[in-house]
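Notes for the one structure printed next.
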Amino acid sequence: MNDPTLAGRRCLITGAASGIGAAIAVAFAQAGAALALADLDQQRLERSADELPGTRHALDLTDPDAVRALTEDVLAQHGGIDVLVNCAGILTEVPLVEMDLATWQRMVDVDLTTVFLTCRAVVPHMLGAGGGRIINVASQLGQKGGAGLTHYSAAKAGVIGFTKALAREVSARGVLVNAIAPGPITTPMIDDLSPDWKRAKEAELPLGRFGLPEEVAPTAVLLASDPGGNLYTGQTLGPNSGDVML
Ligand SMILES: NC(=O)c1ccc[n+]([C@@H]2O[C@H](COP(=O)([O-])OP(=O)(O)OC[C@H]3O[C@@H](n4cnc5c(N)ncnc54)[C@H](O)[C@@H]3O)[C@@H](O)[C@H]2O)c1
């Protein structure tokens, strides 16, 4: 560790086994944080154990009891939670007219309700400790929408609205709540999209290329840090190759 930006901060990161969550875990570790890494995929979570120090917590974040147990476990093992990063998520592509209710509900459960569940479990402890940071990973599609992605776009817009509302509720008591809305990022989540779709999407982007997970992670470090993140709350930061300009 040679960067003290997050020295001693106890950080719970969901979706930490893959993609953007894994890159945030690496960046936080390099910045001196103590990590609690949560994900559905126990095998992948364990695979990084040699390189990345921290506790591992395998669970389905859509299960409210499991989220409560996760919070108690992390508090017992780390003594507190200073930073919560909500990065777990799924992506499926279905035109609206073909979408069944189960597909819609699964998306809302995983990409939006998990954020509610983790925040509901963790916020009381942050308030009790006098402060904390929450970083919710949304998507630029929650800002601009995407064809075939009504469920995903709605869930991610929900994350952005939730972030603003919670920021208004708890910021004065020291808990700063922000969102990151990345553009297309090369991770397993978008592996299955066709090369044609990817080429067309890249051509739309002002930067002309997708991002890498390690190009998103520094935004999370900024939001978690003191003094860099001190004036951000209720904001949505956009490492998105220019796909959305606000
Ligand atoms: N990749 C992109 O282009 C992109 C763009 C914008 C936003 N995002 C968002 O970034 C976040 C991370 O995505 P990624 O691209 O790294 O994807 P990824 O598939 O590489 O990682 C997502 C992780 O979430 C975990 N997860 C899924 N459902 C879970 C559940 N019910 N309980 C616990 N863990 C669960 C998965 O096991 C996986 O490890 C997601 O919220 C995604 O919507 C991704």
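One-based numbering, in listed order, for ligands and for the atoms of each. Values in this document were obtained by computation on a predicted structure and should not be read as measured data.
- Heavy-atom contacts of Val110 reach the following atoms of ligand 1: 28 (N) (cutoff under 4.0 Å).
- Side-chain polar atoms of Arg9 and Ser225 form no donor-acceptor pair below 3.5 angstrom.
- Ionic pairing of Arg10 and Asp82 is present here: one or more N-O contacts between side-chain nitrogen and carboxylate oxygen are shorter than 4.0 angstrom.
- Here the side chains of Arg44 and Ser18 are in contact, with some heavy-atom distance below 4.5 Å.
- In this structure, CG in Asp39 is found 5.5 Å from CG in Leu45, a value given to the nearest 0.5 Å.
- Of all atoms in ligand 1, numbered sequentially from 1 with element shown, those under 4.0 Å from a heavy atom of Gly183 are 3 (O), 5 (C), 6 (C).
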What verdict does the side-chain contact (heavy atoms from CB on, under 4.5 Å) test give for Thr114 and Asp109, after you've listed the backbone C-alpha separation in whole Å, the side-chain angles of each residue and the deciding distance to 0.1 Å? CA-CA 6 Å; Thr114 60; Asp109 280 352; over 6 Å; no
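- Between Ile190 and ligand 1, no N or O atom pair is found at a separation short of 3.5 Å.
- The shortest N/O to N/O separation between Gly15 and ligand 1 does not fall below 3.5 Å.
- No side-chain N or O of Asp243 forms a donor-acceptor pair with one of Ser241 less than 3.5 Å apart.
- Counting only heavy atoms of the protein, atom 14 (P) of ligand 1 lies nearest to Thr187 OG1, 3.5 Å.
- Near Gly19, with a cut-off below 4.0 Å to any heavy atom, the atoms of ligand 1 are 16 (O), 20 (O).
- A 6.0 Å sphere centred on CD of Glu51 holds more than 12 heavy atoms belonging to other residues, nucleotides or ligands.
- Residue contacts with ligand 1, taken as heavy atom pairs separated by less than 4.0 Å, involve Tyr152 solely via side-chain atoms from C-beta onward.
- At a heavy-atom cutoff of 4.0 Å, ligand 1 is contacted by no atom of Thr14, backbone or side chain.
- The closest non-hydrogen atom to atom 12 (C) of ligand 1, taken over Cys87, Ser18, Ser139, comes from Cys87.
- For atom 6 (C) of ligand 1, the closest heavy atom belonging to the protein is Pro182 O, 3.3 Å.
- Gln42 CD: 12 or fewer foreign heavy atoms inside a 6.0 Å radius.
- Judged purely by distance below 3.5 Å, without hydrogens or angles, the side chains of His78 and Thr55 pair a donor atom with an acceptor atom.
- Not a single heavy atom of Leu45 sits less than 4.0 Å from an atom of ligand 1.
- Under the 4.5 Å side-chain criterion, counting only non-hydrogen atoms from C-beta, Val177 is in contact with Asn136.
- In this pair, Phe162 and Phe116 present their aromatic rings perpendicular. The plane angle is above 60°, beyond the 30 to 60° band.
- Counting only heavy atoms of the protein, atom 34 (N) of ligand 1 lies nearest to Leu40 N, 3.1 Å.
- If you look at Lys156 next to ligand 1, the close heavy atoms, those under 4.0 Å, all belong to the side chain.
- The single protein non-hydrogen atom nearest to atom 10 (O) of ligand 1 is Val137 CG1, 3.3 Å, given as residue, atom name and distance.
- Contact atoms of ligand 1 toward Leu61: 30 (C), 31 (N), 32 (N), 33 (C), 34 (N) (distance under 4.0 Å to a heavy atom of the residue).
- Using a cut-off of 4.0 Å between Lys/Arg side-chain N and Asp/Glu carboxylate O, Arg199 and Asp196 are scored as salt-bridged.
- Both the backbone and the side chain of Asp60 come within 4.0 Å of ligand 1, judged by heavy-atom distances.
- At a 3.5 angstrom cut-off on N or O pairs, Ile20 counts as close to ligand 1.
- Residues Ser153 and His151 bring no donor and acceptor atom of their side chains to less than 3.5 Å of each other.
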I'd like to know whether Glu204 forms a salt bridge (Lys or Arg N to Asp or Glu O under 4.0 Å) with Lys201, so could you lay out the CA-CA distance, the side-chain angles of the two residues, the decisive distance to 0.1 Å, and finally the verdict. CA-CA 5 Å; Glu204 274 177 29; Lys201 184 68 205 175; 3.1 Å; yes
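- Protein heavy atom nearest atom 3 (O) of ligand 1, with residue, atom name and distance: Ile185 N, 2.8 Å.
- Residue contacts with ligand 1 for Ala138 involve N, CA, C or O but no side-chain atom from C-beta outward (heavy atoms, distance under 4.0 Å).
- In summary, the atoms of ligand 1 found under 4.0 Å from a heavy atom of Leu59, numbered by their order in the structure, are 32 (N), 33 (C).
- Considering backbone and side-chain atoms alike, Asp39 places an N or O below 3.5 Å from some N or O of ligand 1.
- Nearest non-hydrogen protein atom to atom 27 (C) of ligand 1 is Gly89 O, 3.5 Å.
- If you check which protein heavy atom lies closest to atom 17 (O) of ligand 1, you get Met189 CB, 3.3 Å.
- Across Val108 and Ala155, no two heavy atoms sit closer than the pair CA-CB, 4.5 Å.
- Summary of contacts: the protein heavy atom closest to atom 26 (N) of ligand 1 is Ala88 CB, 3.9 Å.
- The ligand atoms of ligand 1 that sit less than 4.0 angstrom from a heavy atom of Pro184 are 3 (O).
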